[in-house]
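Report on the structure given below.
A, B, ... follow the sequence lines: proteins, then strands. Residue 1 opens every chain. As the structure is a prediction and not an experimental result, all values here were calculated from the model.
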Amino acid sequence: MTLALEKIVKAFKKDVVLDGVSLSVGRGETLVLFGPSGAGKTVLLRLIAGVIEPDAGTIMIKGRDMEGVEPEDRGIGMAFQNFALFPHMDATENIAAPLTARNMNKTAITETVGKIARMLKIDHVLHHKPKELSNGQKQRTALARALAGEPDILLLDDPLRNVDAKLRFEMRLELPRLLKDQNATVIYVTQDYKEAMALGDRIAVMNARGIEQTGTPEEIYLTPANIEIARLFGDPVINLLDVSPVQVEGGVFITLSGVPVNIDAGYSDMVGRDCIIGIRPEAIRFVEEGSAEAIPLTIEAETPLNEKTVTLGLTQNGREIMVSRPAGTPGPSQGTGYIVIDANHIHLFDRATGKRIVPVKTQAAGSQGVAP
Amino acid sequence: MNTISPFETVLRGIAITLVILFFMFPIFWIVLMSFQTNATILQVPPSIFFEPTLQNYRGLITGQLVTDTSSLEIRFMSNLFNSLFLSTASVAVGLMLGVPAAYAFARLKFRGSEDIAFTLLSFRFAPPLLVLLPLTIYFQQLGLANTYGGLIWVYQLIVLPLILWIVRGYFEDIPADIEYAYRIAGHRWWTTFRKIALPLAGPGIAAAALLAFIFAWNNFVFALVLASADKQPVTVGALAFITASGVQYGQIAAGIILSIAPTFALALYAQRYLVEGLSLGAVKG
């Protein structure tokens with residue numbers, strides 16, 4: 001492990017921000033810390049960087065306990081959310097900061113700065129002061145500064161937050177390659193689930209209680225640990241409906257618009273209990289009227305987005321369901337539509353705790369029952 | 001911006017002229033007085049037409065105060081040097097002590113930091129005379145009375161709180177992240193202080209130093225009590241113009257002109273930094 005945090009506790013006055021957070025990141029891995037503001041993501045980065053000290057717990061970098069180790073001795077590069085460029089130095093001097101610290105000679109510094117600047121396409125503004133740079137250039141300068149020292153650990157604190165949408169989109173595509181080239185261990189903080197999914201080898205989902213789930217982007221998306229995480233990932237947001245599963249011969253069912261929907265037989269423990277069902281809008285598709293298991297929906301609104309079309313429908317008892325389909329594929333825009341649900345992409349959550357119910361593996365699991 | 005009517009422009013011009021006249025007239029009058037003899041100064045009604053003379057300045061520079069009745073030795077030039085030396089040295093000491101202290105108060109939260117900072121500020125509240133009486137006795141016992149060192153030390157009462165509190169605000173205005181970024185890049189604490197904190201607070205430090213210099217220069221009471229003739233600054237030395245044979249208005253005027261000249265020149269030179277410094281908070285980099 002390049003970086004290991006164990007049971008980190010940090011409080012500011014009486015406000016406990018981190019309460020026993022543990023985390024480990026391997027060499028060359030990109031871990032995304034994802035969560036709403038106030039979850040303590042930035043605090044965690046600052047603890048790793050050493051600019052604040054934890055109240056309890058240990059931080060190990062390459063097997064070495066970091067207690068009492070100054071920020072400059074930790075071998076870290078960091079890009080701040082607010083860029084934190086040195087206003088009285090031009091872009092070159094900013095980027096060169098980690099190099100001057102090592103007493104590198106002038107030519108080597110110029111060469112290294114030039115190389116990084118070309119890579120990040122800021123070589124034409126190297127003699128500009130931060131206030132003469134656009135937000136995008138500032139962001140790249142800050143990133144270049146973090147990369148210049150070729151640190152073992154790179155901490156990126158929501159670096160794309162203050163840049164415009166177009167640049168954010170570009171950087172989301174460029175960054176993974178850039179980070180892979182560095183071969184550094186990266187901790188990337190973001191509040192944007194798309195960024196998290198695009199950049200992370202693994203994602204750690206944080207909220208006020210700490211790290212709720214750690215896993216690959218697929219794991220987080222397909223098997224969210226609780227309702228909150230299910231809701232945070234995905235656009236449009238996952239459909240969440242109150243249900244109470246019933247056991248009928250042939251399997252476990254829930255009812256939507258009066259139509260029974262077969263779900264995994266492994267959920268039989270939850271029969272008769274209060275549950276919430278989560279269905280991704282893209283796990284629902286429209287079918288012709290009269291198809292087997294088709295659930296009627298009253299179409300309320302249709303929103304064409306660029307690459308997909310989102311339809312809002314109401315079930316017979318007035319519950320909202322969103323359906324997402326690729327743009328250009330057929331679907332009803334008004335009146336009544338009929339849907340079927342991909343049973344493999346249904347999640348069941350306990351309504352009381354919000355936790356996802358893991359279906360018990362049975363032999364029947366996966367086999368499709370027939371509606372009675 | 002609102003457009004301003006010509007009428008308003010004229011009104012403004014008049015108002016500004018009145019204000020300038022009100023504040024500048026005494027100085028203008030002193031300048032005139034400095035080129036007159038006591039006789040022309042005291043004539044009634046006063047006139048701005050007179051035969052200019054340099055005798056006042058000559059007297060000050062040569063150290064021979066020539067009155068109608070007698071000739072008296074004064075040490076105005078050495079007073080001027082004392083003022084310059086005491087103020088400069090006090091500000092230098094104040095900066096050396098105050099700037100690091102201001103940084104500590106701005107950046108480090110330690111037990112009682114606010115109390116200590118406030119105590120230092122409170123030196124400015126106490127009437128100087130209240131402090132002076134016991135201080136005189138201490139200074140005499142310690143052998144500090146009538147020494148430059150002792151005076152510079154006492155001047156810290158004026159200079160240090162001023163520098164500390166102004167500069168602290170400038171340090172607080174520097175986002176901590178900028179310093180963290182430099183540390184994380186691999187620089188030591190001391191290097192970060194020199195390369196990041198000091199340059200960014202530079203205009204503020206210059207402004208504080210200038211203000212402190214002016215306050216030190218204008219100080220009267222500390223030097224009056226604690227210094228004898230050879231260590232006295234101009235503010236105290238000017239008392240010598242009130243002689244047994246009358247008040248030497250012409251020489252007082254010339255003395256004023258000479259003694260405000262250094263601060264005036266310094267203020268003119270540092271004006272750029274002052275304005276920049278005082279408006280730094282509004283336009284963060």
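In the displayed structure, B/F215 atom CZ is contacted under 6.0 Å by at most 12 heavy atoms of other residues, nucleotides or ligands. Other residues, nucleotides and ligands contribute more than 12 heavy atoms inside 6.0 Å of the NZ atom of B/K231. Other residues, nucleotides and ligands place more than 12 heavy atoms under 6.0 Å from the CD atom of A/E170. Atom CD of A/E6 has 12 or fewer neighbouring heavy atoms from other residues, nucleotides or ligands inside a 6.0 Å radius. Residue B/F23 qualifies as open at atom CZ: its count of foreign heavy atoms under 6.0 Å is 12 or below. Heavy atoms of other residues, nucleotides or ligands lying less than 6.0 angstrom from CZ of B/R194 number more than 12. Atom NZ of A/K115 has 12 or fewer neighbouring heavy atoms from other residues, nucleotides or ligands inside a 6.0 Å radius.
Taking every heavy atom of both residues into account, A/L85 and B/I178 meet most closely at O-CD1, 3.6 Å. The two residues B/A185 and A/A101 come nearest to each other via the heavy atoms O-CB, 3.7 Å.
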Can you check side chain to side chain contact (heavy atoms under 4.5 Å, CB included) on B/I196 and A/H88, steps first, answer last? CA-CA 8 Å; B/I196 303 293; A/H88 57 307; 3.8 Å; yes
Quick one: do B/Y182 and A/M89 satisfy side chain to side chain contact (heavy atoms under 4.5 Å, CB included)? Show the steps, please. CA-CA 12 Å; B/Y182 206 65; A/M89 300 182 183; 4.1 Å; yes
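Annotation: side chain of A/P151 is not in contact with side chain of B/I184 (no heavy-atom distance under 4.5 Å). Side-chain contact between B/Y180 and A/R46 is present, with at least one heavy-atom pair separated by less than 4.5 Å.
Remark: A/D73 does not engage B/R183 in a salt bridge, criterion side-chain N to carboxylate O under 4.0 Å.
Between the B/H187 side chain and the A/P98 main chain, no donor and acceptor come within less than 3.5 Å of each other.
Neither the backbone nor the side chain of A/R102 comes within contact range of chain B; no heavy atoms are under 4.5 Å apart.
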